[in-house]
Amino acid sequence: MSTQRERQRMIDDIESEIDFTRNMIGRDHFEPRVMAAMRKVPREEFVPPELKHAAFDNGPLPIGHGQTISQPYIVALMTDLLQPEPDHTILEIGTGSGYQTAILSQLCRRVCTMEVIPELSETAKRRFGEMGYDNIDVQTGNGYLGWPEHAPYDGVIVTAAAGHIPPALVEQLRPGGRLVIPVGQPYSYQELMLVEKDREGNSHTRNILSVAFVPLVETIPTAGNDPR
Ligand code: SAH
């Protein structure tokens, strides 16, 4: 099958899953600009070479170091929940392969992304350079405390499951901003949550869907235990 047809199959599978989950996620389609980014960013460039044949399957894939590239439907859902706008600066915790980062880079002004495993962050950074994604800042380190230098953010997205919502990430959100994060126990029950910070600075949290993510490293970084 040609790459174009494979990519269309991925889009069709995302659309079927939106339809299947419409009652849970409270929507029957995602924003056209989100789906356009899903169509455009070549997922096959973000998976290990030996798994390229599976790059358009609607499932997660291993990327080494015990981590995974998320399922395309979940990437599209999290992006749609975040509502990125062209003038937004977004913070992402958990760069991984960089696929979600690349999708966001198409939809907003700037993406600041943090990855705790140096090999993954270096590979992603090189990839962004080679592929011409020039509005992404990558930092190697533990994102539990966020990235205060560029705060406040219009949106924050966490692509690893936290036991609780990290307070620093809510603090670094501007009023009116959104945080999308899977919360729950490692390899057990997890719920994708949407936190909306209102104009007065109060947060409102909604559960969206049961999900399965690799765990977020939650140790509070200090000079001694931060792997940077
Ligand atoms: N969005 C990525 C998902 C990668 S899996 C993709 O689609 O490829 C989640 C990633 O979060 C892993 O690479 C893991 O190393 C990273 N991670 C876990 N805890 C972290 C933390 N505290 N700070 C930064 N990255 C973290």
Side-chain angles (χ1 to χ4, degrees), residues 30-43 45-46 63 67 69-70 72 74-118 120-160 162 165-182 192-199 201 203 216 221 226 228:
F30 293 165
E31 283 297 320
R33 56 194 297 272
V34 170
M35 293 308 288
M38 295 297 298
R39 240 177 244 279
K40 188 167 169 211
V41 174
R43 191 171 188 251
E45 301 299 333
F46 293 83
I63 54 169
Q67 308 303 321
I69 175 172
S70 302
I74 291 290
V75 172
L77 172 62
M78 291 176 81
T79 307
D80 199 68
L81 288 167
L82 201 60
Q83 293 183 357
E85 296 291 336
D87 61 340
H88 279 182
T89 297
I90 302 285
L91 172 65
E92 178 191 41
I93 308 300
T95 318
S97 66
Y99 178 64
Q100 171 79 73
T101 328
I103 296 284
L104 290 170
S105 82
Q106 303 296 294
L107 298 166
C108 65
R109 190 175 66 82
R110 185 179 191 192
V111 190
C112 301
T113 185
M114 295 185 74
E115 169 56 54
V116 77
I117 299 177
L120 290 178
S121 96
E122 277 149 29
T123 304
K125 195 172 182 175
R126 182 167 27 83
R127 217 168 247 161
F128 299 144
E130 285 167 6
M131 297 178 77
Y133 296 113
D134 57 6
N135 60 344
I136 300 172
D137 290 309
V138 186
Q139 190 180 118
T140 304
N142 184 341
Y144 180 79
L145 294 179
W147 192 344
E149 286 87 335
H150 305 295
Y153 298 98
D154 301 292
V156 177
I157 180 169
V158 183
T159 67
I165 296 171
L169 300 185
V170 180
E171 273 160 34
Q172 289 171 29
L173 207 54
R174 71 155 167 82
R178 300 175 139 226
L179 163 66
V180 179
I181 179 169
L192 187 63
M193 292 185 178
L194 171 66
V195 181
E196 290 171 279
K197 196 186 240 189
D198 66 23
R199 301 277 160 199
S203 300
L216 181 77
D226 188 0
R228 250 177 286 189

*Compare every heavy atom of V75 with every heavy atom of M38, then report the nearest pair and how far apart it is.*
SD-CG1, 4.1 Å

*Measure across L145 and Q172 and return the closest heavy-atom pair with its distance rounded to 0.1 Å.*
O-NE2, 2.9 Å

*What's the shortest heavy-atom distance between M78 and P182, and which atoms?*
CE-CD, 4.3 Å

*Hey, is NZ on K197 packed in by over 12 heavy atoms from elsewhere, all under 6.0 Å?*
yes

*Locate the shortest heavy-atom distance separating I181 from P166; write the atom from each residue and the value.*
CD1-CD, 3.5 Å

*Search all heavy atoms of I103 against all heavy atoms of A37 and return the closest pair with its distance.*
CD1-O, 3.6 Å

*Evaluate side chain to side chain contact (heavy atoms under 4.5 Å, CB included) for I90 paired with I157, printing each intermediate quantity in order.*
CA-CA 8 Å; I90 302 285; I157 180 169; 4.2 Å; yes

_For Q100, run the side chain to side chain donor-acceptor pair (under 3.5 Å) check against T79, T159, T113 and tell me which one passes._
T79

*What closest approach, in Å, do G143 and I93 show between heavy atoms, and which atom pair accounts for it?*
O-CD1, 3.6 Å

*Given D154 and E85, is the side chain to side chain contact (heavy atoms under 4.5 Å, CB included) satisfied, shown in steps?*
CA-CA 9 Å; D154 301 292; E85 296 291 336; over 6 Å; no

*Any sub-3.5 Å donor-acceptor pair from R33's side-chain atoms to P84's backbone N or O?*
yes

*Has the side chain of D137 got a donor or acceptor atom that lies under 3.5 Å from a matching backbone atom of C112?*
no

*Applying side chain to side chain contact (heavy atoms under 4.5 Å, CB included), run through L194 and R178 and close with a yes or a no.*
CA-CA 7 Å; L194 171 66; R178 300 175 139 226; 3.8 Å; yes

*Donor-acceptor contact present, side-chain T95 to main-chain M114, <3.5 Å*: yes

*Are Y133 and Q106 close enough, and set up right, to give a side chain to side chain contact (heavy atoms under 4.5 Å, CB included), and what steps lead you there?*
CA-CA 9 Å; Y133 296 113; Q106 303 296 294; 3.1 Å; yes

